[in-house]
Amino acid sequence: MKKKKVNLRDLKQNSEEQHSHDDGHDHSGQPNNYKAYIPAIISFSMLMMGIALDYYGVAFFKDWLRIIWYSIAYLPVGLPVVKEGIESIKKGDVFTEFFLMSIATLGAFSIGEYPEGVAVMLFYAIGELFQNAAVNRAKSNIKALLDVRPKEANVFRNGNIVSISPELVGIGEKVQVRVGEKVPLDGILLSEKGSFNTAALTGESKPDTIAKDEKVFAGSINLDGVIEIETTKEFKDSSIARILDMVQNATARKSKTELFIRKFARIYTPIVVFLAIGVAFLPYFIVEGYVFRDWLYRALIFLVISCPCALVISIPLGYFGGLGAASKNGILFKGASFLDAMTKINTLVMDKTGTVTKGVFKIKQIKAIGLNDKEFMKYLLAMEEQSTHPIAKAILEYRDEGSDYEAVDVSEIAGKGLKGFVNGKAVLVGNKALMLANNINVLEETETIVESIVLVSIDNAFAGYVVIADELKEDAKETITALHKVGVKNIMMLSGDKDSITQKVASELNIENAKGGLLPEDKLSEVEALKKNPENKIAFIGDGINDAPVLAASDVGIAMGGLGSDVAIETADVIIQTDQPSKVVKAIKISRSTRKIVWQNIILAFGVKVIVLILGAGGLATMWEAVFADVGVALLAILNAVRLQRMNWD
């Protein structure tokens, strides 16, 4: 890949065009290469020597020798900028920072202010080096995701293991992954179990243990033993490939603030150029004792100050920092515009299953009558082994040594349950309708249970029941509390599950507004009703599959567990790479911190520039103050933006 130094032109193009970061330029590491600093070191050394010779009045250092010395000092840092300015003019873009710096410094030479001309360009070049380094630092957390792209896959072909590019592996092929290697493609684990580091994908350092036949995602690092997987997707369709593509293009969607500053700079720059011309020539008609050289110097100062690089660089850098900080925390924003949108959220609508609950049914309660729990469960397990119902799978998770009863003549009664024989006894397993149809009297307490319940009778006598329920996620309750603290007062739960279950979960989480038994179109109607109030800025959190229409309709669509959901990646604006709802709170905090820093930079840049512009026009500021107003303010803004990389939002 051809390497090119990152400069302001690259950043302007990055901000103004829809493009991929993978643009043929090496944006990483180049500014940190010592060679990039050599021109600045040469210019600085010659400038200091020249100033020293001037200060001590060395006899030979004058006239043409002095001009040649400072000209040589100027060339290493000035020539690249002048070239950029000429290239910009050829393309019809006259009023760029390159043009401003070129005419200001060459103008300083024309009036004999050689040290100041070199100094202005030198500090501009140093500022650009720092800017490049800061941009790369801000991008580093986003770019770190690119390191999880697997380089090769060990595929079983014709009885041998062949190492090839993941892009060449087809669906259904068997792949071997050794300890410490990255899983090359999405697949199903063929080995009995595996332990994986998914930190680069999810932001979570805790190893993830996967059992046989469960999903494994490309980019995960195998931690324990040689494993085998069967691929389920081509690499281009894998979750990690699509996430990488999304992250690489995240900055293509600019925030309104960023777009405004870009447009403003295009208007602002030519205005200050003409004002500088006015500063140089208009006093001839107004001021007595007009001296062209003095007013030209003021005009040149005016031009240096007017350079908009502090705004043009520091604002995108702030958003780079926010996007990078979010990705480091397992939160992917599809663009800077959604960082801004997240700061305004005051209404949060959420799905239940898979969002605040784990989406995995487990036995919550066992109530046996006339038998101990262990014996009761032997009968129930023997029957449920014959079923493929999701609730049956939840019950079969309950295993106990000695559960060796066998069911025979098992048949399914549609919409009611199962009937059969276990140990010669007639057994019914199902809902209340099944019990009533067989004249089995059930306990009244079952009427008050809102969760899924499995009733059991043995030899025509009610033998007990099992309550099956979804579990709340560990951070669900603290998430609701934290959302209220960050100003999200209106929280609503919409679920396709039974309304009674939805209300119970909402009550546990202290959510006052909840509705259950909804179809996807019902959820959409609810969100559209909320949107009729223009004061409502709505975020919706869902799994990104059934909730795709609502995700798209919300001001900000947030997908939970997006790593495993293709539709989530396509539809949502923000993707939480783990299943932790508390990440939504962190996303809001990161967004607000980013916006705060961006506005601090805008105020800093404008405030200092306006003050020094007035002083420069009045002859009270020298070229050195101009350098501070331009490069100095840019560096201060950059240092402020870099703070995002070190913030903690826990």
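Only this structure's heavy atoms are used, side chains among them; waters, hydrogens and symmetry mates stay out.
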Let me see the working for V349 and I541 under side chain to side chain contact (heavy atoms under 4.5 Å, CB included), right down to the final yes or no. CA-CA 6 Å; V349 182; I541 316 173; over 6 Å; no

Is the backbone N or O of I538 less than 3.5 Å from a side-chain atom of T347, with the two atoms forming a donor-acceptor pair by type? no

Here the gap from L551 atom CG to I575 atom CD1, rounded to the nearest 0.5 Å, amounts to 10.0 Å

How far apart are the C-alpha atoms of F292 and F281, what are their side-chain angles, what is the distance that settles it, and do they pass the side chain to side chain contact (heavy atoms under 4.5 Å, CB included) test? CA-CA 8 Å; F292 174 72; F281 295 104; 3.6 Å; yes

Can you check whether A280's main-chain N or O pairs, donor with acceptor, with R298's side chain at less than 3.5 Å? no

Between S88 and D93, is any side-chain donor less than 3.5 angstrom from a side-chain acceptor? no

For F338, is there any backbone N or O sitting under 3.5 Å from a side-chain donor or acceptor partner on D573? no

4.5 Å side-chain heavy-atom contact, I491 and H484: yes

Any side-chain heavy atom of M492 within less than 4.5 Å of one from L530? yes

Quick one, V574 and I331 - any side-chain contact, counting heavy atoms below 4.5 Å? yes

For K532, look at atom NZ and say whether over 12 heavy atoms of other residues, nucleotides or ligands are found less than 6.0 Å away. no

Polar side-chain atom of Y114 near backbone of S71 as donor-acceptor pair, under 3.5 Å: no

Enumerate the salt bridge (charged side-chain N to carboxylate O under 4.0 Å, His left out) contacts for residues 103-112, please, sequence neighbours excluded, ordered by first and then second residue. none

Does atom CH2 of W599 have more than 12 heavy-atom neighbours from other groups under 6.0 Å away? no

Which pair of non-hydrogen atoms, one from P581 and one from D475, has the smallest distance, and what is that distance? CD-OD1, 3.2 Å

Classify the ring geometry between W295 and Y290 as parallel (under 30°), tilted (30 to 60°) or perpendicular (over 60°). parallel

Donor-acceptor pair, K586 side chain versus N329 backbone, under 3.5 Å? no

Exercise: identify the closest heavy-atom pair between A572 and I558: CB-C, 4.3 Å

Between E116 and Y297, is a side chain to side chain contact (heavy atoms under 4.5 Å, CB included) present by the stated rule, with each step listed? CA-CA 11 Å; E116 288 179 315; Y297 182 70; 2.8 Å; yes

So do D340 and Y319 actually touch side chain to side chain, heavy atoms under 4.5 Å? yes

Applying the side chain to side chain contact (heavy atoms under 4.5 Å, CB included) test to I345, which of V556, N490, L483 qualifies? V556

Hey, could you give me the CD1/CG distance between I611 and L620, rounded to the nearest 0.5 Å? 13.0 Å

Set of residues satisfying salt bridge (Lys or Arg N to Asp or Glu O under 4.0 Å) with respect to D54, sequence neighbours excluded: R66

Is there side-chain contact between I597 and L644, with at least one heavy-atom pair below 4.5 Å? yes

Sub-3.5 Å donor-acceptor pair from the side chain of N346 to the main-chain atoms of E535, do we have one? yes

Where the side chain of K531 meets the backbone of A553, is there a donor-acceptor pair that is under 3.5 Å apart? yes

Is there a donor-acceptor pair under 3.5 Å between the side chain of S591 and the backbone N or O of T343? no

Could you tell me which non-hydrogen atom of S593 sits nearest to which non-hydrogen atom of W649, and how far apart they are? OG-NE1, 2.9 Å

Are Y124 and V77 packed together at the side-chain level, in the sense that at least one heavy-atom pair is separated by less than 4.5 angstrom? no

Of all the heavy-atom pairs spanning A299 and A276, show the shortest one and how long it is. CB-O, 3.2 Å

How close do A73 and P76 get, counting heavy atoms only, and between which atoms? O-CD, 3.4 Å

Decide side chain to side chain contact (heavy atoms under 4.5 Å, CB included) for K589 and M342; before the verdict, give the C-alpha distance in whole Å, the side-chain angles of both, and the deciding distance to 0.1 Å. CA-CA 9 Å; K589 290 180 178 179; M342 188 66 93; over 6 Å; no

If we ignore angles and hydrogens, is there a donor and acceptor under 3.5 Å between the side chains of Y74 and T105? yes

Looking at E478 and K485, is any side-chain nitrogen of the basic one under 4.0 Å from a carboxylate oxygen of the acidic one? no

Rounded distance (nearest 0.5 Å) linking atom CD of E113 with atom CG of L296: 10.0 Å

Does CE belonging to M49 count more than 12 external heavy atoms closer than 6.0 Å? no

Not counting sequence neighbours, which residues clear side chain to side chain donor-acceptor pair (under 3.5 Å) with Q600? List them please. N640, R643

For the residue pair F540 and D555, establish whether any side-chain heavy-atom pair is separated by less than 4.5 Å. no

If I take atom CD1 from residue I42 and atom CG from residue L122, how far apart are they, to the nearest 0.5 angstrom? 11.5 Å

Reported CG-to-OG distance for the pair N536 and S554, which is rounded to 0.5 angstrom: 11.5 Å

Taking C-beta and beyond as the side chain, do V486 and R592 meet within less than 4.5 Å on heavy atoms? yes

Using every non-hydrogen atom in the two residues, find where P283 and G278 come nearest and quote the distance to one decimal. CD-O, 3.4 Å

With rounding to the nearest 0.5 Å, note down the distance linking CG in L275 to CD1 in I271. 7.5 Å

